[in-house]
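Any value given below was found using the heavy atoms of this structure, including those in side chains, with hydrogens, waters and symmetry copies removed.
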Amino acid sequence: MVNTRVMALLQQRAVAAITEARERGETGAIDARSFVFDDDFRTLDIYPTGTTPATEREVVAAYGEALLDAVIASPNHPKRLIQIAHQCISGEISDLALLDLRLERRLSDTIYLPLIAIILTLLFILYTFSH
């Protein structure tokens, strides 16, 4: 079973780790074995496998497959992450920058929706007491 720390790292740290590995010249393919977590699941690093360079599109697709496997193995199955995983696999998301943006949007949406609800509630209360 995949815990919440693993899911958080796969969303927040994985793309940066992939980018860092590629900048170090490690351009091999990635799969689920490429993701290395520390004992407490607080950090994540990527170690691409093989000697044949993988294109950015192939790396994004492999990330999508790993993300989909993790979501399926997790206790809850966030539809947004499943959608992102399928977009990576299909090639709709084909570069790391777009992938990072899609994942960030997913994380920031969880902050803004409750904030908007609170502001609307306060505006309604203010309007009600002013009339």
Side-chain angles (χ1 to χ4, degrees):
M1 183 182 308
V2 175
N3 64 30
T4 56
R5 284 186 182 175
V6 170
M7 290 304 298
L9 286 172
L10 285 174
Q11 293 175 72
Q12 299 168 0
R13 174 73 181 117
V15 177
I18 292 168
T19 303
E20 291 165 8
R22 292 179 71 79
E23 288 172 355
R24 290 190 307 258
E26 300 172 9
T27 59
I30 66 167
D31 59 20
R33 296 171 296 176
S34 302
F35 296 87
V36 179
F37 300 90
D38 69 347
D39 292 337
D40 297 330
F41 295 103
R42 295 195 188 280
T43 61
L44 164 72
D45 206 356
I46 301 289
Y47 295 98
T49 59
T51 57
T52 305
T55 65
E56 189 170 2
R57 183 180 201 140
E58 291 169 336
V59 169
V60 170
Y63 169 81
E65 291 172 8
L67 179 63
L68 185 59
D69 290 343
V71 169
I72 290 170
S74 71
N76 53 358
H77 308 291
K79 291 179 185 175
R80 178 86 173 126
L81 292 180
I82 292 171
Q83 180 183 14
I84 289 172
H86 284 296
Q87 289 172 343
C88 290
I89 295 166
S90 71
E92 186 176 335
I93 298 175
S94 60
D95 62 66
L96 293 168
L98 180 57
L99 173 58
D100 194 31
L101 181 63
R102 294 278 173 94
L103 288 171
E104 176 61 32
R105 179 172 172 221
R106 185 259 178 246
L107 295 172
S108 63
D109 285 351
T110 60
I111 295 169
Y112 291 124
L113 293 177
L115 186 60
I116 290 169
I118 290 169
I119 291 170
L120 289 175
T121 302
L122 291 174
L123 286 173
F124 176 74
I125 291 170
L126 182 63
Y127 177 78
T128 303
F129 286 120
S130 68
H131 286 86

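With rounding to the nearest 0.5 Å, the separation of CG in L44 from CD in Q12 is 11.0 Å. Of the inter-residue distances, the one linking I118 atom CD1 with L123 atom CG reads 12.0 Å to the nearest 0.5 angstrom. Rounded to the nearest 0.5 angstrom, T43 OG1 and D38 CG are separated by 3.5 Å. Summarising the geometry, atom CG belonging to L115 is positioned 4.0 Å from atom CD1 belonging to I119; distances are rounded to the nearest 0.5 Å. Interatomic distance, CG of L9 versus OG1 of T4, reported as 9.5 Å (0.5 Å rounding). Annotation: the span from I18 atom CD1 to D100 atom CG amounts to 10.0 Å, rounded to 0.5 Å.
Closest approach of A21 to I46, counting heavy atoms only: CB-O, 4.0 Å. Summarising the geometry of N3 relative to V6, their closest heavy-atom pair is OD1-N, 2.8 Å, with the distance given to 0.1 Å. For the residue pair C88 and G64, the shortest heavy atom distance occurs at CB-CA, 3.6 Å. Pairing each heavy atom of G28 with each of P48, the nearest pair is O-CB, 3.4 Å.
The ring-ring contact (aromatic ring centres under 6.0 Å, His included) search around F41 returns F37, not counting sequence neighbours. Scored by the side-chain contact (heavy atoms from CB on, under 4.5 Å) test, D39 finds no partners at all (sequence neighbours excluded). Residues forming a side-chain contact (heavy atoms from CB on, under 4.5 Å) with T19 (at least two apart in sequence, or on another chain): V15, E23, L96. A search for side chain to side chain donor-acceptor pair (under 3.5 Å) contacts involving E26 returns R24, not counting sequence neighbours. Taking the side chain to side chain donor-acceptor pair (under 3.5 Å) definition, one finds that D69 meets it with nothing, sequence neighbours left out. Under the rule for a side chain to side chain donor-acceptor pair (under 3.5 Å), E65 has no partner lying at least two apart in sequence or in another chain. Judged as a side chain to side chain donor-acceptor pair (under 3.5 Å), and not counting sequence neighbours, R22 has no contacts. A search for ring-ring contact (aromatic ring centres under 6.0 Å, His included) contacts involving F129 returns nothing, not counting sequence neighbours.
Taking the side chain as every heavy atom from C-beta outward, L99 and I84 approach each other to under 4.5 Å. At a threshold of 4.5 Å between non-hydrogen side-chain atoms, the residues I82 and L68 count as touching. Side-chain contact check for P78 versus V71: some heavy-atom pair is nearer than 4.5 Å.
Note on V60 and Y47: separate hydrophobic clusters, where clusters join Ile, Leu, Val, Met, Phe, Trp and Tyr whose side-chain heavy atoms are under 4.5 Å apart, directly or indirectly. No chain of hydrophobic side-chain contacts below 4.5 Å, direct or via other Ile, Leu, Val, Met, Phe, Trp or Tyr residues, connects V36 to I30. The hydrophobic cluster containing L81 also contains L98, counting ILVMFWY residues as joined when their side-chain heavy atoms lie under 4.5 angstrom apart, directly or transitively.
Applying the ring-ring contact (aromatic ring centres under 6.0 Å, His included) rule to pairs touching residues 56-102 yields nothing, sequence neighbours excluded. Residue pairs that meet the salt bridge (Lys or Arg N to Asp or Glu O under 4.0 Å) test with at least one member in residues 6-18, sequence neighbours left out, are R13-E20. Sorted by first and then second residue, the salt bridge (Lys or Arg N to Asp or Glu O under 4.0 Å) pairs with a member in residues 46-61 form an empty list; sequence neighbours excluded.
The hydrophobic cluster containing F124, built from Ile/Leu/Val/Met/Phe/Trp/Tyr side-chain heavy atoms closer than 4.5 Å, comprises no other residue.
Within the 3.5 Å criterion, the main-chain N or O of M7 finds a donor-acceptor partner in the side chain of Q11.
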